[in-house]
Amino acid sequence: MDVNFRKIDIDKYDEDVLLEDELYEADPRDPAQVLNDTRTKVNAVRSALSKGDTVGAITLVLDAAPYGASVEEAKNLNLQTLTSILNSTKASEIPSIVKSLSQDAQDTLMKYLYKGMALPGWGDVSGSVLLGWHEKLTEVAGTGCIVRAMTDRRIV
Amino acid sequence: MAPQVFPLAQIPVTSHAFNADRSQVAVSLNSNDVTIFHRQGAEWAAGETLAEHDKLITSIDWAPNTNRIVTSAQDRNAYVWNPTVDPTTGQTSWKPTLVLLRINRAATFVRWSPNEDKFAVASGARAIAICSFDPEGDWWVSRLLKKPIRSTVLSLDWHPNNVLLAAGSADMKARVLSAYIKDVDKRPSPTVWGEKLPFNTICAEYASHAGGWVHSVAFSPSGDALAFASHDSSISIAYPQHGPTAVHTIKLSVLPLVTLIWTREDEMIAAGHDCEPFVFRGGEQGWELAGSLDDHKHSGLSGSGAGKGVGSGVSPVGRLNSAAFNTFRNADTRGLSSMPGSPVSPSGGSTLGGSGSGESELFTVHQNTITEVRLYEGQIGAVNKVSTSGVDGKLVVWDVASVAPVSVGGLAGKLGGMRI
């Protein structure tokens with residue numbers, strides 16, 4: 001039986017098709033601005049880390065995280081900054097850090113953890129570190145946090 | 001007071017609707033038919049079957065005053081069922097009337113309007129059919145609300161003024177629309193949602209917090225506030241008189257809620273994938289999770305070992321007392337390999353309490369997702385009891401006043417309590 005018709009993109013013929021970018025509110029900043037903001041943030045994060053303020057550093061990274069299309073460079077930069085913090089944090093400190101984050105920051109952190117797990121071998125992302133954070137974050141923020149990471153279309 | 005639990009079947013209950021005096025309940029057991037159960041003492045006995053749909057029934061509503069049932073199904077149809085009593089035998093039979101909905105996708109949800117002279121049918125055709133009775137043609141005619149709906153409509157709720165309609169949709173939005181029908185409705189007086197309300201006026205549109213499709217919508221008893229629950233595990237309450245951004249959102253640490261009901265102007269009950277009805281309280285200043293109607297200590301399932309840690313828990317991880325889980329853990333920690341179904345080890349067996357079957361058991365009354373919560377006793381704005389139906393085939397009646405505390409967020413302690 002010919003099943004090639006299944007590969008036809010029928011949405012092309014639908015005048016009223018629902019597009020991906022209609023499902024979330026786009027970042028009001030333009031892409032260059034987002035990249036700039038992220039770069040300035042990296043420096044702020046470094047100075048926070050040098051003072052030993054991990055919570056402050058993580059909050060900075062997770063605040064106004066770049067999302068959506070056409071900001072790939074900013075997204076990668078932000079992920080890199082975050083993974084460097086995740087990697088350098090002692091396992092015993094994770095629960096208290098996760099608890100002190102705001103609910104929005106917890107949701108964003110969960111999105112980054114899943115993104116990290118989807119990029120095996122990317123940069124210095126290590127599976128065991130991510131899983132360690134995931135476990136502690138789920139204990140604090142619950143399954144609801146995971147559900148939000150999955151449903152949210154503002155992909156980091 | 002402990003909830004009354006009625007196991008209706010071993011099949012998921014998609015939808016349930018009681019009649020006015022609560023002596024009968026119409027349920028759809030995940031099939032093409034509606035079964036009417038009759039109350040007999042403390043039990044429910046299956047009675048008439050309403051068979052006319054040829055695809056799964058998605059929703060049922062029973063009008064309390066006019067005593068008519070309306071059903072919607074995946075076969076794109078809705079039927080209005082009128083009772084007729086046979087004069088010789090005294091038996092009631094239900095006569096179906098097909099409603100021409102003019103939609104080309106499944107009908108997903110149906111509700112009578114407060115005056116019971118109209119009903120609204122949600123559908124996958126990005127439309128809501130507003131149906132009213134045309135006495136000249138002796139049939140139900142529908143008018144479609146289309147714009148600006150971009151995806152399947154999953155739930156509806158009527159405003160007490162019989163004109164406004166709230167719709168929750170899979171395009172992540174909850175909307176308030178006007179379903180004004182000239183021949184049926186009197187000119188509505190102005191509300192917080194707007195003054196002039198011709199058919200298909202969009203009075204408000206709210207996006208869900210983190211992009212979850214909106215499972216359930218409900219107007220507050222006064223009609224001045226709107227609550228909606230979405231698949232991003234959040235519940236939002238909007239107060240339009242304070243502007244379009246006056247929305248309180250509660251992000252939950254549990255699985256998404258799929259159904260909700262206001263019990264008072266300052267309280268509502270919502271339930272869903274976490275298998276227990278949660279109670280929320282608040283007002284224009286803000287809302288919070290107040291507790292759960294499901295007191296795990298009363299459910300008779302919280303076993304000896306895990307009981308202490310789990311009694312206060314809402315964690316699905318901590319609450320789950322699964323035989324399969326025990327089997328694997330025993331195999332892991334002690335090298336035991338007890339197959340499911342074989343005599344359970346003493347430690348595992350004692351935690352199963354109640355039924356004593358070797359199957360997975362939750363510490364909640366409902367053993368699976370709650371599909372629908374409805375008013376059982378009291379009136380709109382002063383509800384005393386609510387009923388829930390679940391995928392576990394149970395129908396449960398809950399006393400709204402008995403709220404057990406939950407501590408959402410402090411999951412760490414509950415996981416610690418998992419040790420048996």
Side-chain angles (χ1 to χ4, degrees), chain A residues 10-11 14-28 62 65 67-69 91-112 114 132-156, chain B residues 125-127 146-152 169-173 205-215 229-235 249-258 272-275 278 289 313-320 406-418:
Chain A
I10 55 162
D11 285 343
D14 188 351
E15 288 169 12
D16 196 28
V17 67
L18 185 59
L19 300 169
E20 187 77 9
D21 58 3
E22 291 176 62
L23 291 173
Y24 64 92
E25 256 175 74
D27 200 323
L62 297 176
Y67 66 86
S92 55
E93 290 170 5
I94 296 177
S96 63
I97 293 173
V98 167
K99 257 179 227 158
S100 60
L101 292 176
S102 73
Q103 222 176 9
D104 284 318
Q106 287 173 348
D107 289 357
T108 317
L109 177 59
M110 188 61 92
K111 287 195 221 172
Y112 274 108
Y114 275 98
W133 278 86
H134 184 271
E135 186 193 350
K136 300 293 177 238
L137 182 55
T138 311
E139 281 175 15
V140 173
T143 42
C145 182
I146 300 176
V147 172
R148 279 188 288 278
M150 291 194 286
T151 55
D152 204 337
R153 307 218 170 211
R154 292 170 292 183
I155 293 161
V156 293
Chain B
R126 301 172 176 183
K146 275 191 158 159
K147 293 235 150 59
I149 301 161
R150 300 305 311 272
S151 188
T152 302
S169 160
D171 57 10
M172 334 292 184
K173 297 260 173 38
E205 190 173 88
Y206 301 102
S208 76
H209 173 78
W213 45 102
V214 179
H215 282 297
S230 51
H231 201 76
D232 55 2
S233 278
S234 74
I235 185 164
T249 299
I250 308 170
K251 296 203 272 183
L252 301 165
S253 64
V254 295
L255 295 176
L257 303 166
V258 298
H273 293 290
D274 231 65
C275 315
F278 292 105
L289 178 62
V314 290
S315 148
V317 193
R319 199 186 51 213
L320 185 70
V406 291
S407 56
V408 174
L411 240 91
K414 291 144 211 160
L415 284 173
M418 268 300 283

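Here is how names work: the chains are called A, B, and so on, in the same order as the sequence lines, proteins then strands, and each is numbered from 1. The basis for the numbers below is simple: all heavy atoms, side chains too, and nothing from hydrogens, waters or symmetry mates.
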- Item | Closest non-hydrogen atom pair between A:Ala141 and B:Ser253, with its separation | O-CB, 3.1 Å
- Item | Step-by-step side-chain contact (heavy atoms from CB on, under 4.5 Å) determination, A:Asp152 to B:Asp232 | CA-CA 7 Å; A:Asp152 204 337; B:Asp232 55 2; over 6 Å; no
- When rounded to the nearest 0.5 angstrom, what distance separates NE2 in B:His231 from OG1 in A:Thr151? 7.0 Å
- Query: What is the distance from atom CG of B:Leu252 to atom OG1 of A:Thr143, rounded to the nearest 0.5 Å?
  - Reply: 9.5 Å
- Query: Minimum heavy-atom separation for A:Arg148 to B:Ser233, with atom names?
  - Reply: NH1-O, 3.2 Å
- Item | A:Trp133 CH2: over 12 foreign heavy atoms closer than 6.0 Å | yes
- Do you know which of A:Gly144, A:Cys145, A:Pro95 has the most heavy-atom pairs with chain B at a distance under 4.5 angstrom? A:Gly144
- Measure the OG-CD distance between B:Ser151 and A:Glu22 for me, rounded to the nearest 0.5 Å. 11.0 Å
- In this structure, are over 12 heavy atoms from other groups packed under 6.0 Å from A:Leu19 atom CG? yes
- Message: Counting heavy-atom pairs under 4.5 Å with chain B, which one of A:Arg153, A:Gln103, A:Met150 comes out on top?
- Response: A:Gln103
- Query: Is a donor on one side and an acceptor on the other found under 3.5 Å between the side chain of B:Arg150 and the backbone of A:Val17?
  - Reply: yes
- Task: Mind ranking B:Met172, B:Arg126, B:His209 by heavy-atom pairs under 4.5 Å with chain A and telling me who comes out on top?
- Result: B:Arg126
- Item | A:Asp104, part contacting chain B, at a heavy-atom distance under 4.5 Å | both
- Task: Check B:Leu255 against A:Val147 and note the closest heavy-atom contact, atom names and distance.
- Result: CD2-CG2, 4.0 Å
